[in-house]
Amino acid sequence: MIKMQLLLVHSLGFDWKVTEKAISNPESSKTAKMEYSTTDSSLVVFISVEKNDVPDISTVISNACDEIVSALKDIGESNLIVYPWVHLAKTQPAKPDAALSALKNIETSLRSNHPDLSIVRAPFGYYKGFNLNCKGHALAERSKEILGQSGAKTVEASAEVTTALDAEETARSTFHVLTMDGKMEPFDKFNYKGLKELELFIKYETDKDRTVSTPPLHVDVMKNLELVDYEEGSDPGNFRILPRGYVVKRLIEDHVNNMAAQYGAMIVETPLMYSYDHQSLKKYIERFPARQYVVKSGNRNHFLRFAACFGQFLTMSDAIISYRQLPLKIFEMAKSFRREQRGELAGLRRLRAFTMPDLHTATSDIQMAQKEFEEQFLLAFQYMSDIEINIETAFRMTTAFYEENKDWIVSLVKILNKPILLELFETRYAYFILKFEFNVVDTQKKAAALSTVQIDVENSERFDIQYIDSEGKEVYPLLMHCSLSGSTERVIYGIIEDQLKRSQRGSKPQFPLWLSPAQIRILPVSEDYLEFTDKIAQKLEQNRIRVEIDDRDLSLGKKIRAAEKLWTPIIIVAGEKELKEGKVSVRYRFNNSQEFQALEDVIEYVQAQTKDKPTYFRVFPKLVSHQPIFTRVV
RNA sequence: GCCGCUGUGGCUUAGUUGGUAGAGCGACAGACUUGUAAUCUGUUGGCCGUGGGUUCAAGUCCCACCAGCGGCUCCA
């Protein structure tokens, strides 16, 4: 359990001078002090950051700061010199950028919490000569090892982390385009004519340069439509969902729930937090770099789940499963948490708290797994069509798997009716041998994965999940991970971005009718027709249509404008003419048309468009004058 | 996490070399009673992201922090 090493020396005067670069990419010489000299007495702290510190770096840093501050206090010193000294490392040192970042963090953390200290940091990545003059009193020299939280991670475990990461780093992938007729071509030789989106997707996947000129457009939209907003009172990447957004989110999730239930999945709910000390979890979580929120319960540490795998695998592990019950499917709408790096967060594309529909399937063998893979693939494809998103597909698998199952893969591509990105890797670096993703390409030409299905060959053993086969023997099943729709938040992002792309081509952006917060907004021509519009609303509501009435004392033009700004799919205008003739004036967004028709025709249209889709309540006031303004405009 | 950019009423924003914070939209009040993307008049509303500092004086200069965006890295 060896961690960050500190050597603290109380010195009368200290100086250093850089001699030459020690690594290829040292700290910039513009900002660093290449030379330094003082005659004042100072506490010199030599530090080495070890690879084992990295998964738990924030705790290590804070503990190191506490050590340093307490040492300063003991000797009554306020001058501090932070000096990187890799030779102290007892295990493998951290990578240079991680180590530099840790040192900078120690420096800034001390600076902000202890403004009375005078702090100097020696530059990182250079050979330096230095002069030290130890004061020689009882507390003048000491060394410390800094531990992370609760000692949860052992050296052996960290070694495992290292192995997994290294495997990933060295794994070689090749990228190809696979067409409907089974032709495979290197991605950079393929002719993308008529396949702009696929080209953009593959470019995003394979290109290093991802420079963007425009900001993410969906952020403005999500606010203007009053769906979702940032929450400054929380951690970054934790959003607030507003009532109109709740309707959308709820419907997106209900639809996945229904799909999973009809597919024959058992629906469960499992805990949000798990102990670091549980054997199976320990093995699983240590495969990955620390990106967890940590929750203290008494003196035990828990992490917030980053997927539903834990709860569902533990549930399967405790169950008595017969081969007769396979394939065994368990589904959960799983609120999940990933403490992504600060700079990786981007609107609704990448969050720290999100909702992931997570389906796990235990299968007896690869044939059964492939059969379920295909079914889940079809369901996910259906879902993408239901949210009216254009998707680009990636299949990723080992070369061996592709060789054996080429025809089957091509048959799936035929269903999509367009070419896909095929990634092949010689050696399996992750837990899966096969996966596909449906990706959306946004207005910034960035791609994000929505649906995915993966065949997992590692975790049944790790979680000790077994079924009894026909001969009474205990067998590890093949597990499958599936997210039918992708995270709810990302679905909202995908819909908005995809619609914005369409609007850039000249059509009006809109939500699928079944997902629109208000499907119809009724505009009385003047106050005199409020009673009339209320009757219309009642009739629509009897048919489970979400409707609101703009009863504000505004000009009709202004009310139209307000309704259009909210992407309202259907606007009904009602006044003298309508009252007399018993019909309504209807403005359809999808084709920009105006009709004068019977209310029944409108109802029929909505019902036809939303057939087989879930419905939900309007969870905001019917009268626009009763709706507080959160973030919408006009 | 690192680097860079940004941060002025609910929203969009003006603010010169440091010298008393302006506007439009919205909201509120009144007038008007409106026929398919912004009716008129008036009123309200600002710890200029937060905390330090420099200065006689800070929205403006300096430092730190917070938040958002972009890049790197990452994406179980």
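Predicted, not measured: the structure shown is a model, and the values here were computed from it. Protein chains get the first letters and strands the later ones, always in sequence-line order, with residue 1 at the start of each.
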Strictly below 4.0 Å: does [X] bring a side-chain N or O up to OP1 or OP2 of [N]?
{"X": "A:Gln444", "N": "B:rG70", "result": "yes"}
{"X": "A:Lys558", "N": "B:rC32", "result": "no"}
{"X": "A:Tyr230", "N": "B:rG49", "result": "no"}

Exercise. Will you find, in the side chains of A:Ser173 and A:Glu423, an N or O donor that is under 3.5 Å from an N or O acceptor?
Worked result: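 Yes, A:Glu423 and A:Ser173 have a side-chain donor paired with an acceptor closer than 3.5 Å.
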
Exercise. Does a salt bridge link A:Glu548 with A:Arg244, judged by any charged N lying under 4.0 Å from a carboxylate O?
Worked result: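 Salt bridge flag = yes for A:Arg244 with A:Glu548.
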
Exercise. Would you call A:Arg349-A:Glu344 a salt bridge at under 4.0 Å N-O?
Worked result: no

Rounded to whole angstroms, how far apart are [atom1] on [X] and [atom2] on [N]?
{"X": "A:Asn592", "N": "B:rU36", "atom1": "CG", "atom2": "P", "answer": "15 Å"}
{"X": "A:Lys104", "N": "B:rC65", "atom1": "NZ", "atom2": "P", "answer": "12 Å"}
{"X": "A:Glu340", "N": "B:rC74", "atom1": "CD", "atom2": "P", "answer": "12 Å"}
{"X": "A:Glu231", "N": "B:rA67", "atom1": "CD", "atom2": "P", "answer": "12 Å"}
{"X": "A:Arg632", "N": "B:rA37", "atom1": "CZ", "atom2": "P", "answer": "20 Å"}
{"X": "A:Asp528", "N": "B:rU33", "atom1": "CG", "atom2": "P", "answer": "11 Å"}
{"X": "A:Ile571", "N": "B:rG35", "atom1": "CD1", "atom2": "C1'", "answer": "13 Å"}

Exercise. OG1 of A:Thr568 to CG of A:Asp550: how many Å apart, nearest 0.5 Å?
Worked result: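 If I round to the nearest 0.5 Å, the distance is 9.5 Å.
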
